[in-house]
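Remarks on the structure that follows.
Hydrogens, waters and symmetry mates play no part in the numbers below; they use all other heavy atoms, side chains included.
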Amino acid sequence: MARRSRTVQSRTAAGDAPEAEPSPPPDEPSTVEPGLGFEKWMGFLSSFVAPLTLVTALLFYFGYVSTREFFRYFGVDVDIIGLSTQEFVMRSPGALFIPVMVLMLLAAGAIVGHRVLRRRLGERPRTTQRRVIAAIAWTGIGFLLAGLVSAFLLPILGDWVWGQLLTPLFLALGAGLTAYAASTVRALGGANVSRAVVVLLVLVMVAGTFWSTATVAQWWGLGQARSLASDLSTLPAVVLDTTERLYPGNDDISFQQLGDGSPTEGDAGAAATFGYRYFGLRLLAQGGGRLYLVPDAWSPDASTIVVPYDDVRVRFRFIPDADPPTS
């Protein structure tokens with residue numbers, strides 16, 4: 001009996017003994033927390049770009065900027081044509097191809113460079129880290145100052161075309177570099193940079209990118225207008241019958257007075273209803289109950305003729321292609 005009690009006591013004592021704690025793992029090299037790093041800011045911006053309504057609004061805006069510049073070249077205000085939102089959106093891809101591709105390539109390069117730089121900085125002493133971050137910060141500040149100076153010079157140098165693109169690019173690049181340097185300092189546990197400063201710099205970068213993209217869209221619309229003006233034969237040819245005589249002020253536009261005994265092309269009742277027939281016109285656009293016609297050849301003295309085809313009893317028809325495809 002005594003032997004059993006000693007056995008039980010020994011088992012109980014063994015059971016009450018605390019278990020040995022596992023030995024802690026060896027110290028691992030500390031990793032750099034991303035903090036307000038590039039990936040977080042990319043995720044922050046993508047959370048705003050993702051909604052379909054915002055994407056549509058951006059496409060509409062850049063399509064509007066491009067289309068407005070296109071029609072302004074021909075002396076037409078795009079707002080009076082009455083284009084729909086869908087038409088502006090459909091006109092935007094051509095103006096956005098180059099900016100979007102450039103931004104995607106820059107973003108890919110920035111991601112790769114960010115990861116390489118963070119890995120290298122984590123292996124360097126504090127002195128080297130501070131020098132690299134200071135170099136990035138001062139480079140960004142330099143671009144910011146250059147952008148601000150350029151912004152103040154734009155109203156003075158009105159004919160400085162490249163300034164409309166360089167100004168927002170300098171501001172966007174400078175704000176991006178400065179914000180990246182500030183977020184890197186926070187991630188490495190250095191000086192306590194205010195988060196509000198980083199947020200404001202990122203907003204400046206986004207605004208500069210938006211501004212530069214709008215400038216590219218504007219240039220795209222102007223380039224498309226100049227390309228079309230060099231060869232207006234791609235537009236539909238129009239023969240215009242009117243009740244009153246027009247004065248287009250262009251030698252390329254000819255007219256014929258109906259009912260003067262000369263042979264007329266078209267229906268037999270045209271001479272009884274209309275008094276004049278005009279040739280040498282091309283249809284640039286139509287909308288809002290109006291036709292926007294341009295001459296066959298664009299010149300410095302050319303202008304766009306706006307004809308209301310509902311109220312003035314205008315008749316027009318398209319001339320078939322002079323060189324149709326052969327079967």
Side-chain angles (χ1 to χ4, degrees), residues 24-51 54-55 58 96-151 162 165-216:
D27 294 337
E28 297 180 357
S30 58
T31 58
V32 178
E33 295 295 330
L36 292 178
F38 187 79
E39 288 87 351
K40 280 196 172 184
W41 283 115
M42 290 298 292
F44 174 76
L45 295 177
S46 63
S47 64
F48 289 94
V49 178
L54 183 57
V55 175
L58 291 176
L96 292 179
F97 277 145
I98 295 178
V100 168
M101 286 190 296
V102 171
L103 287 176
M104 288 191 297
L105 290 175
L106 290 177
I111 292 174
V112 175
H114 159 75
R115 293 179 176 176
V116 172
L117 180 62
R118 285 291 178 88
R119 186 173 64 251
R120 296 287 179 85
L121 286 180
E123 302 170 353
R124 295 295 187 272
R126 286 287 183 180
T127 306
T128 305
Q129 294 178 0
R130 291 173 183 173
R131 290 177 180 175
V132 173
I133 296 174
I136 296 175
W138 282 110
T139 302
I141 293 174
F143 276 111
L144 279 175
L145 293 177
L148 290 175
V149 172
S150 177
W162 284 103
L165 181 63
L166 294 178
T167 300
L169 285 180
F170 285 161
L171 292 174
L173 183 58
L177 290 175
T178 309
Y180 180 78
S183 63
T184 304
V185 170
R186 292 175 59 93
L188 295 176
N192 187 15
V193 181
S194 174
R195 180 174 297 185
V197 175
V198 182
V199 172
L200 290 176
L201 289 172
V202 171
L203 291 178
V204 173
M205 180 186 68
V206 174
T209 304
F210 189 87
W211 182 2
S212 58
T213 305
T215 302
V216 173

**Report entry** Under the side-chain contact (heavy atoms from CB on, under 4.5 Å) test, residues paired with Ala214 that sit two or more places apart
**Finding:** Tyr61, Phe62

Query raised in the report: Roughly how far apart are Met101 CE and Leu96 CG, rounded to 0.5 Å?
Result: 10.5 Å

Query raised in the report: Residues two or more places apart in sequence or in another chain: which of them pass side-chain contact (heavy atoms from CB on, under 4.5 Å) with Thr167?
Result: Ser150, Ala151, Leu154, Leu171, Trp211

Report task. Verify, without hydrogens or angle tests, whether Thr178 (side chain) and Ala175 (backbone) share a donor-acceptor contact under 3.5 angstrom. Result -> no

**Report entry** Approximate separation, where rounding is to 0.5 Å, of Tyr180 OH and Thr139 OG1
**Finding:** 13.0 Å

Query - With Val102, the side-chain contact (heavy atoms from CB on, under 4.5 Å) member among Val100, Leu106, Leu105 - result: Leu106

Report task. Before giving the answer on side chain to side chain contact (heavy atoms under 4.5 Å, CB included), spell out for Leu117 and Ile136 the whole-Å C-alpha distance, their side-chain angles and the decisive distance to 0.1 Å. Result -> CA-CA 11 Å; Leu117 180 62; Ile136 296 175; 3.7 Å; yes

**Report entry** Pairwise distance CG(Leu203) to CZ(Phe210) - rounded to 0.5 angstrom
**Finding:** 13.5 Å

Query raised in the report: Going through the checks in order, is the side chain to side chain contact (heavy atoms under 4.5 Å, CB included) test met by Thr184 and Arg118?
Result: CA-CA 8 Å; Thr184 304; Arg118 285 291 178 88; 3.4 Å; yes

**Report entry** Distance (rounded to the nearest 0.5 Å) between Trp162 CH2 and Leu169 CG
**Finding:** 10.0 Å

Query raised in the report: With a 4.5 Å heavy-atom cut-off, do Phe170 and Leu144 have their side chains touching?
Result: no

Query - Heavy-atom pair of closest approach, residues Val198 and Ala182 - result: CG2-CB, 3.8 Å

Query raised in the report: Does CG belonging to Leu103 count more than 12 external heavy atoms closer than 6.0 Å?
Result: yes

**Report entry** Check: Met205 and Leu201 side chains under 4.5 Å, non-hydrogen atoms
**Finding:** no

Report summary line: Interatomic distance, CG@Leu166 vs CG@Leu173, rounded to 0.5 Å, equals 11.5 Å

Report summary line: Between the CZ atom in Arg120 and the CZ atom in Arg115, the distance rounded to the nearest 0.5 Å is 15.5 Å

Report task. Identify, with sequence neighbours excluded, every residue that meets side-chain contact (heavy atoms from CB on, under 4.5 Å) alongside Ala137. Result -> Ala181

